Amino acid sequence: MKHLLSLHDWSPEDIEKALTLAEKLKKEQKEGIPHPLLKGKTLGMIFTKSSTRTRVSFEVGMYQLGGNALFLSSNDIQLGRGETIYDTANVLSRYLDGIMIRTYKQSDVEDLAKYGSIPIINGLTDLLHPCQVLADLLTIKEHCGSLKGKKLAYVGDGNNMAHSLMYGGAKTGMEVAVATPAAYKCDETVVKQAMEDAKETGAKILITEDPKEAVKDADVVYTDTWVSMGQESEKEEKVKVFGAYQVNKELFSLAKPNAIFLHCLPAYRGMEVTDDVIDGPNSVVFDEAENRLHAQKAVMVMAMGE
Ligand code: CP
Ligand code: NVA
């Protein structure tokens, strides 16, 4: 059974297959060619955090594949009142063909996969955001022509996006340079695993505190909010530390002249990125957001298709 819990679990071939299928499904969608590959299937979507892109792209994607999607807010299901992951996984496995879950703990997503008998897709945890990175890789491929050897600079918080970008870049032979403040570094286990993944593909992972070093000659510049969901109380403290990590025109100018700017969104203009960058000619953030739809359709077909 194919889960998507972390890109670390996927082989380079799995990722390539997902991207190729996403390109095919995108083309078919644009040309009006029906592709009901999940006819009669139902995806449950559990959310314990907010979402615009993930919720809408999974729901619309399932519809376009001929299936149905059920929005399950944790406020409304018994999980939010203390029913265990074990019982939830067992019960939902009797009704659904797959589950997409957005929650806090990565271990909850892994437990759902362990105890249930249907494919589980990670729609974001505090640790990882693999679906976003598949869409990002698709976007980079479209705009830069290929992934291997391309330099991606991530500047900002050592968060779920930084982690999944490291895995995704490592698995596809990219050069990933991550610049974070000393107090907000990436998870050590993730860095270690990404470096191991990189050895297999010839990818490079660079960890630094210097945003200029990361962005220098990059093909792709990426940032994300400094304050992730669930960290609202840390905002004041974080804003003080992250000033030098803002992606503004000056920092962006160190990248290659044709470099693209990516952001998973939602963005906070004037904080992690300035208007002139995110709304500038090199920004492809809305192509990136659209690609959530196409990439996730590929993931769902790989997970739930025949
Ligand atoms: N990028 C992303 O996951 O967006 P949402 O939080 O709106 O789903
Ligand atoms: N790092 C952000 C990503 C949002 C898509 C968060 O976890 O809130």
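Counting starts at 1 for both ligands and their atoms, following the listed order. Values in this document were obtained by computation on a predicted structure and should not be read as measured data.
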Distance only, no hydrogens: is a donor on one side chain within 3.5 Å (strictly under) of an acceptor on the other, for [X] and [Y]?
X    : Y    : value
D136 : Q132 : yes
K249 : S253 : no
T274 : R269 : no
T139 : E288 : no
D87  : Q78  : no
N248 : E250 : no

Q. Does ligand 1 have any atom that is closer than 4.0 Å to a heavy atom of R292?
A.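 Yes.
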(Q) Please confirm whether L124 approaches ligand 1 to less than 4.0 Å, judged on its heavy atoms. (A)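 Not so, L124 does not reach ligand 1.
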Q) Any Lys/Arg nitrogen of K185 or E209 sitting under 4.0 Å from an Asp/Glu carboxylate oxygen of the other? A)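 Yes, K185 and E209 are salt-bridged.
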Please tabulate, one line per pair, the protein N or O atoms found under 3.5 Å from any N or O atom of ligand 2, giving the distance to one decimal.
| unit_1 | atom_1 | unit_2 | atom_2 | d |
| --- | --- | --- | --- | --- |
| ligand 2 | 1 (N) | N159 | ND2 | 3.4 |
| ligand 2 | 1 (N) | N160 | OD1 | 2.8 |
| ligand 2 | 1 (N) | D224 | OD2 | 2.6 |
| ligand 2 | 1 (N) | S228 | OG | 2.7 |
| ligand 2 | 7 (O) | N160 | ND2 | 2.8 |
| ligand 2 | 7 (O) | S228 | OG | 3.4 |
| ligand 2 | 8 (O) | M229 | N | 2.8 |

Q) What about S51: any of its N or O atoms under 3.5 Å from an N or O on ligand 1? A)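 Checking ligand 1 against S51, an N or O pair does fall under 3.5 Å apart.
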Q.
Among R102, K105, K49, which residue satisfies the salt bridge (charged side-chain N to carboxylate O under 4.0 Å, His left out) criterion with D126?
A.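 Testing each of R102, K105, K49 against D126, the sole residue satisfying salt bridge (charged side-chain N to carboxylate O under 4.0 Å, His left out) is K49.
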Heavy-atom contacts with [X] under 4.0 Å: which atoms of ligand 1 show up? List them by number with element.
X    : result
T52  : 5 (P), 7 (O), 8 (O)
C264 : 1 (N)
H129 : 2 (C), 3 (O)

(Q) Does the plane of the ring in Y222 sit parallel, tilted or perpendicular to the ring in Y154? Use 30° and 60° as the thresholds. (A)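 Plane angle between 30° and 60°, so tilted.
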Q. How are the rings of F242 and W226 set relative to one another: parallel (under 30°), tilted (30 to 60°) or perpendicular (over 60°)?
A.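 Parallel, since the angle between the ring planes stays under 30°.
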Q. Among protein heavy atoms, which sits nearest to atom 6 (O) of ligand 1, and what does the distance come to when rounded to 0.1 Å?
A.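 Residue, atom and distance for the closest contact: R102 NH1, 2.8 Å.
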Q) Of the protein's non-hydrogen atoms, which lies at the shortest distance from atom 4 (O) of ligand 1, and what is that distance? A)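 Result for atom 4 (O) of ligand 1: R53 NE, 2.8 Å.
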